[in-house]
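Here is how names work: the chains are called A, B, and so on, in the same order as the sequence lines, proteins then strands, and each is numbered from 1. Note that this is a predicted model, so its numbers are computed, not measured. For the numbers below, each heavy atom of this structure counts, side chains included, while hydrogens, waters and symmetry mates do not.
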Protein chains: 2
Amino acid sequence: MDAIDLSLVELLRNNARLSYAELARQVGLSAPAVHERVGKLEASGVLRAYRADVAPEAIGLGVTALIGIVEDSGADTDDVLEAFRAMPEIESCYFMAGVESFLLKARVGTIAELERLIVRLNRTPGVASTRTGIALSTKWENRPQPVTPPAG
Amino acid sequence: MDAIDLSLVELLRNNARLSYAELARQVGLSAPAVHERVGKLEASGVLRAYRADVAPEAIGLGVTALIGIVEDSGADTDDVLEAFRAMPEIESCYFMAGVESFLLKARVGTIAELERLIVRLNRTPGVASTRTGIALSTKWENRPQPVTPPAG
DNA sequence: GGCTCAGGTCGATCGCGTCCACGGACTGTG
DNA sequence: CACAGTCCGTGGACGCGATCGACCTGAGCC
């Protein structure tokens, strides 16, 4: 991970569809060299995926909720996690410090679907309680921050 | 937004670097037709960006926090929002229903940086209080859910 | 010095991106 | 019904990009 690798990562974070030729121009190497570097970054797990950022409402996911989960004492955290993983509405899952073991970000189409999701969560073995907050609007999401900007 | 557009969106959500030729094969159209459709999806705001998904620890962002913000009574929400926007550590910003007006997802390199961020947030005009939860681990994030899966 | 390896460039080949002309289905109109 | 216009697609052409292999160079090490 030298400076050129960081540049490549930053460029791809801002536009994952840049061609190797364009990346090469930006970092001052040849296209094959960039191709090899990007391949290594993918293989080493630094670059995990390339995703289109889609307007959620356009694909019928107009409701965003953030849900805190309190586990039962003695719950098997791995089992709870697997249950969450099986619910596609749960887009993100963080294991948290604090009373609430998990914080989930879920997207659904309607409030009725959110209700059903919450019922399912509360029924999940190991889940003691849930606390749901509704996002009225998403101001921004997954904004890539410049890599190592405030190095001073 | 017909079924083919949805397929294209879904394909690009899972791999934003697919070539037009490959997309064309997958949806059964010619490459120019796909090119035009994708262009229209971008122009209409359905496809907002293409981003590489990067392992945060690899670029020095090992600490993830979720921060709830309570506004002062009489605060100017737009000003608060602009102050947040100027902080690159804040990767996501949701405007919430409830006592806490905002929920922020922030990523920093160290706990010390998180402390400085929280101090800055508390000093921001319009912010009455903050409540920070630390993510011990990110189980997954921004998992794309299949478009219109449970149509039945 | 000479080996070896990592990591680059260069050149060639093949497939892809992209522009353009063309064509069929649908629609509204005389 | 004939006609024209529009939308949306296909196919061909051409230049650029992706990708492979051969070769070059500098660093580290006997």
Side-chain angles (χ1 to χ4, degrees), chain A residues 1-62 109 142 144 146-149 151, chain B residues 1-62 109 142 144 146-149 151:
Chain A
M1 275 295 277
D2 61 4
I4 291 183
D5 281 343
L6 280 178
S7 302
L8 291 172
V9 165
E10 170 136 35
L11 288 164
L12 287 170
R13 282 221 306 172
N14 285 292
N15 183 0
R17 281 183 77 78
L18 287 176
S19 67
Y20 291 115
E22 183 59 30
L23 290 170
R25 277 188 287 270
Q26 301 270 343
V27 303
L29 287 182
S30 64
V34 167
H35 188 259
E36 183 169 345
R37 276 175 179 265
V38 171
K40 285 180 181 172
L41 288 168
E42 291 170 354
S44 69
V46 174
L47 292 171
R48 297 191 293 200
Y50 304 99
R51 303 207 177 285
D53 174 13
V54 176
E57 326 80 55
I59 54 173
L61 297 174
N142 304 125
V147 292
T148 59
Chain B
M1 276 294 279
D2 61 5
I4 291 182
D5 282 343
L6 281 177
S7 301
L8 291 172
V9 165
E10 170 136 35
L11 288 164
L12 286 169
R13 285 226 299 175
N14 285 292
N15 184 0
R17 280 182 78 76
L18 287 177
S19 67
Y20 291 115
E22 183 59 28
L23 291 170
R25 276 188 287 270
Q26 301 270 341
V27 303
L29 288 182
S30 64
V34 167
H35 187 259
E36 183 169 347
R37 277 173 177 265
V38 170
K40 285 180 181 170
L41 289 168
E42 291 170 355
S44 68
V46 174
L47 292 171
R48 297 189 294 201
Y50 304 100
R51 303 207 178 285
D53 174 13
V54 176
E57 325 80 52
I59 53 173
L61 297 174
N142 303 125
V147 293
T148 58

query = Any sub-3.5 Å donor-acceptor pair from A:Asn15's side-chain atoms to A:Leu11's backbone N or O?
reply = no
key: Close approaches to DNA chain C from residues 33-53 of chain B, in residue order (heavy atom, under 4.0 Å)   = B:His35
inquiry  = Closest-nucleotide mapping onto DNA chain C: is A:Pro32 or B:Pro32 further toward the 5' terminus? I mean the 5' end.
reply    = A:Pro32
inquiry  = Ignoring hydrogens, what is the shortest heavy-atom contact between A:Pro56 and B:Arg48? Give both atom names and the distance.
reply    = CD-NH2, 3.7 Å
note = Smallest heavy-atom separation, B:Leu47 atom then A:Ala52 atom, equals CD2-CB, 3.9 Å
request  = Answer whether the closest heavy-atom distance between the side chains of B:Asp2 and B:Arg37 falls below 4.5 Å.
outcome  = yes
message = Donor-acceptor check, side chain of A:Arg51 to backbone of B:Arg13, threshold 3.5 angstrom: yes or no?
response = yes
ask   = Does any N or O in the side chain of A:Arg17 come within less than 3.5 Å of the main-chain N or O of B:Leu18, such that one atom is a donor and the other an acceptor?
value = yes
inquiry  = Could you report the tightest heavy-atom contact between A:Ser7 and A:Val27, atom names first, then the distance?
reply    = CB-CG1, 3.9 Å
inquiry  = Counting C-beta onward and ignoring hydrogens, is there a side-chain heavy-atom pair between B:Leu41 and A:Val54 closer than 4.5 Å?
reply    = no
task = Check every atom of D:dT19, C:dG8, C:dT18 against the side chain of A:Leu29 and return the nucleotide holding the closest atom.
result = C:dG8
query = Using a heavy-atom distance cut-off of less than 4.0 Å, which residues of residues 15-28 of chain A contact DNA chain D?
reply = A:Ser19, A:Tyr20, A:Ala21, A:Arg25
